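Predicted, not measured: the structure shown is a model, and the values here were computed from it.
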Amino acid sequence: MSTTLDDDLGTLQELDYYRTLAKKLMHKGVKGLCDADNEQWNNDWDSDNTISNALVVRSHALALQIDPSDDSCSGDTSRTYIQRVIHTENDVLARPQEDLPVYKAARILHALIRSQGHILSKISVLSLYRVLREFYDVQPPEMNTGGTRAGEGARATSFMTLQCVLAVKGFCDAINNTIQLLDKIAHIVSIRKMIESNRIAKPNAWKELVNDYMEMNLTIEFQDLTGREFFGPQINITKDNVWKYVESFPGDFAIFLKDGINEIDKALQEIDERRVEEAQQYSENPIRWHAKIPFENASHEISKNAIFHCRKRLEVLCTALCGTPAWDSVNWHNAVQELQSCHDKFKELIRPSKRYFSNAMNRFLSFQDEHAFQSDIAELVFSAVGYGCVKEKWDSKRIVDAIYRALEFISPKGKLPSGHPFSMGQKGWLLHIICPQVFHYLAIAIKEFNPPNPREHLDLDRLKEAVKRMICWFDDNKFIFDNTDNIGWTMDTPTEPKKPERWVSVWCTLALNKIVALLDKVINQCVYKHVDVKSPEELDVELHQMIVSDFGLRQKKSVAFMLADMQNHLLGHQPLVSERPIFSAVLHGPPGTGKTTIAEALAKTARAQFVQITPSDIVVGGAEQAERSARNLFQALCMLTNTVILFDEFDPILWHRDPDGKVPTTVFEYLTPGMLPKLKDLYRAAKRQRNVYMLATNNMRALDDAATRKGRFDEKLGIYPPDLLSRVGQLALACEKHAEESNTSSASGWEKRFARVIQKTAGGPMDTLGKPGWFTPPDSSIKPDTIFDYLWKDGPEPDWPDSEATMQEKLEKKDCNTKSMKQAYLEQEEWQWVIDWDRRAGEGWQQMVEALRHPLQKPNVGWDV
């Protein structure tokens with residue numbers, strides 16, 4: 001049954017309350033793990049324990065993800081824990097003397113793939129081998145592949161199999177993220193080569209600005225690796241050193257790969273030595289091991305061959321990179337193919353676990369005895385998440401069945417029935433699953449579940465109650481450290497009640513992080529039902545594909561640089577241009593200049609949803625309900641996360657109020673005063689929750705001063721047809737790209753036609769100038785009636801677009817007595833400046849070059865608008 005926003009608002013507010021509480025607990029827990037003194041923890045099990053140390057490394061990575069500027073978890077403390085993890089290689093291959101070699105290997109791999117520079121260390125490779133081997137190691141009584149055990153003599157469990165799957169997938173994700181980064185760097189470097197090329201002349205001022213813009217985009221790409229796995233040398237990139245890093249990247253990457261290959265060789269040598277030891281154990285006890293020898297050999301060979309395959313691919317890549325001073329002679333397509341081969345090989349090896357998880361889900365869901373089922377709730381959740389991870393499609397009805405069954409047994413205090421402890425090895429160790437571990441994966445399952453039929457989504461009320469109960473557990477079991485606001489957690493029945501435990505606290509922070517991500521998604525989806533929304537995949541163009549229109553007018557204060565800072569805000573990073581974050585703007589200017597496209601491109605580039613709000617969203621319930629609808633809508637918008645919001649055609653609602661205080665005559669005039677506090681609330685929410693919102697208008701002077709001031713909108717950005725410098729630079733770059741891709745040159749006398757194109761496109765609309773074959777290279781062959789047909793093939797002149805540069809009625813500066821009128825006057829002056837500069841350029845090549853060398857004096861109205 002369809003609901004209105006009014007119906008859903010109460011539930012949304014409750015979900016938002018629990019999200020806020022979960023965030024507070026998570027932040028305090030992470031700070032506790034980073035700051036708390038060693039003596040404040042219960043160290044009976046945590047002290048110098050490989051699994052605990054590896055978990056703490058994950059908590060430090062989460063801390064940097066929450067706040068990249070916080071260095072409390074990136075200094076000596078973090079390095080200490082990483083070193084403890086690295087120096088434990090004797091544990092992961094020990095067999096059968098050690099109890100938990102596989103569990104330790106999975107946890108070590110989890111930790112090191114999130115620690116820059118350690119992903120190809122010897123211990124990381126040994127852990128990868130040990131985990132892969134376990135997938136194919138057949139042991140009684142199951143005698144099946146796909147399920148993994150914590151140690152020798154233990155039974156296969158969904159918990160352990162999931163840990164191993166996620167460890168290998170994390171390694172694959174690191175490779176995949178590196179592939180994406182290499183593609184983006186290679187693309188930007190190729191553009192820079194074209195910019196610096198003298199084959200087609202480009203204005204020096206334009207080249208300098210574009211280089212600065214690409215420098216900032218590269219910095220954003222590197223910053224976006226914070227909190228993500230990266231297959232490469234350790235990075236600490238700033239805007240000041242990014243080009244230097246990129247220029248040295250092939251050599252640095254080759255050194256990293258060479259060191260990694262050496263570490264792989266050491267790991268392979270140790271693997272072979274351990275196989276000799278295992279053979280000796282088999283010979284000493286042939287009755288016990290005789291039946292397992294063929295399976296042991298098979299699992300060993302499969303895992304070792306995968307590692308060796310990776311080594312060979314990396315060696316090929318390293319050979320191609322060694323001695324290469326720059327990107328010019330490197331075939332990065334082949335580099336990507338080598339890494340892709342490694343990625344595909346490892347990913348294929350975890351596929352047997354899909355059958356294991358599927359069978360486990362079927363078994364648990366078929367239980368009729370409620371008592372027997374309660375003992376395996378955790379395993380059901382682990383198998384559902386594992387199945388979704390390996391299948392990479394979360395549309396199975398069994399997954400939602402598993403979710404519903406698990407939710408039934410969460411008590412009002414957030415406790416789950418105590419299930420069977422997992423046998424961890426021959427020494428009789430048992431693993432007792434704690435609630436945060438189940439909550440962590442339950443939140444993942446709910447968030448990722450994507451049924452083909454939207455009606456199969458979880459009921460909001462049931463989800464709200466489940467989240468409430470889960471957060472209750474974290475609130476009831478927290479420990480506040482003395483003289484701080486930091487917290488830690490312990491088990492339901494702690495052995496030392498006055499001291500929390502690190503490993504429990506890590507699982508709590510990880511679980512809370514997933515619960516917050518779940519609530520972000522659920523709240524967003526609920527709001528999106530009531531507004532016009534587009535996903536990034538539905539949008540057409542990214543920021544780097546757009547024509548920058550104001551390089552001549554604003555230089556380093558160009559809209560392009562402002563949008564890059566907005567992208568940083570959406571990604572959770574610090575601004576690179578402005579002194580403070582920018583996340584709201586009024587886009588004003590004539591129609592056809594791409595104001596809506598700018599907002600859409602920002603959303604696509606930042607991988608954010610795009611929401612478009614119009615006055616009809618407010619008056620949909622009728623004039624008498626308009627104020628209530630507006631209040632509900634803005635309350636809902638304030639709950640969104642990581643979203644780009646565009647207020648389009650909103651002028652009537654933010655119309656300049658009558659200074660004489662006349663009684664409003666339309667529904668929109670009634671709404672204007674109430675919009676001011678709503679915009680202020682939206683501003684505060686956008687700052688917290690990584691949203692960006694924009695207002696697009698063609699009539700800046702009609703807007704109310706209070707509605708567009710600081711604290712409601714950060715910037716007022718005039719969007720005009722591309723100025724002379726922007727068009728010349730963009731067209732020259734498009735010609736350079738086409739010449740390189742097609743290996744052809746333009747017809748003789750192209751300078752005259754080039755100048756003619758620049759003159760005839762003055763004031764042209766962006767939807768025409770941005771088409772392939774106009775100011776962007778042709779998609780394939782050059783089509784008739786395009787700029788490239790005229791410019792490259794000396795074809796007939798295209799049908800030139802009508803100019804958008806028709807000035808509005810002239811405003812007198814002396815009459816501009818309000819801020820909105822002053823802004824309108826500035827817009828008029830800037831727009832007139834663009835037109836006058838085009839007129840000065842005339843039609844000839846030399847006249848155009850002279851105009852570029854000596855631009856007009858910039859508009860300066862002398863007001864703080």
Is it the case that more than 12 heavy atoms not belonging to K169 sit under 6.0 Å from its NZ atom?
-> yes

Can any side-chain N or O of S358 pair as donor or acceptor with the backbone N or O of K354 at less than 3.5 Å?
-> no

Begin from the C-alpha positions of R133 and I302 and carry the test side chain to side chain contact (heavy atoms under 4.5 Å, CB included) through to its verdict.
-> CA-CA 7 Å; R133 177 173 167 176; I302 290 171; over 6 Å; no

When you check the gap from the basic side-chain N to the acidic O, do D137 and R149 get nearer than 4.0 Å?
-> no

Decide whether Q340 and D344 meet the rule of one side-chain donor and one side-chain acceptor closer than 3.5 Å.
-> yes

Return yes if some donor-acceptor pair links the side-chain N/O of Y356 with the main-chain N/O of A156 below 3.5 Å, else return no.
-> yes

May I ask you to decide whether E348 forms a salt bridge with R351, counting only side-chain N to carboxylate O separations under 4.0 Å?
-> yes

H440 and K514: side chain to side chain contact (heavy atoms under 4.5 Å, CB included), yes or no, with the steps?
-> CA-CA 6 Å; H440 176 265; K514 294 303 180 183; 3.5 Å; yes

Got a donor-acceptor contact below 3.5 angstrom from the Y136 side chain to the L349 backbone?
-> yes

Minimal non-hydrogen separation, F346 against A306, with atom names | CZ-O, 3.8 Å

Can you check side-chain hydrogen bond (donor to acceptor under 3.5 Å, both in side chains) on H300 and Y129, steps first, answer last?
-> CA-CA 8 Å; H300 162 74; Y129 162 82; 2.8 Å; yes

Are T178 and F253 close enough, and set up right, to give a side chain to side chain contact (heavy atoms under 4.5 Å, CB included), and what steps lead you there?
-> CA-CA 11 Å; T178 308; F253 196 34; 4.2 Å; yes

Using a strict cut-off of less than 4.0 Å between a Lys/Arg side-chain nitrogen and an Asp/Glu carboxylate oxygen, indicate whether K266 and E263 qualify as a salt bridge.
-> yes

Side chain of S353, backbone of I350: donor and acceptor closer than 3.5 Å?
-> yes

Minimum-distance pair of heavy atoms, taken over all atoms of A106 and Q163 | CB-O, 4.0 Å

Side-chain H-bond candidate by donor/acceptor type, R355 with T145, under 3.5 Å | yes

May I ask you to check whether W41 and F481 place their ring centres under 6.0 Å from each other?
-> yes

I would like to know whether M214 and W243 meet side chain to side chain contact (heavy atoms under 4.5 Å, CB included); could you show each step before the answer?
-> CA-CA 9 Å; M214 291 192 300; W243 275 124; 4.0 Å; yes

Minimum side-chain heavy-atom gap V165-F382 below 4.5 Å = no

Is the closest basic N to carboxylate O distance between E270 and R274 below 4.0 Å?
-> yes

Short question: side chain of W489, backbone of F474 - any donor-acceptor pair under 3.5 Å?
-> yes

Does S127 use its side chain to pair, donor to acceptor, with the backbone of I123 at less than 3.5 Å?
-> yes

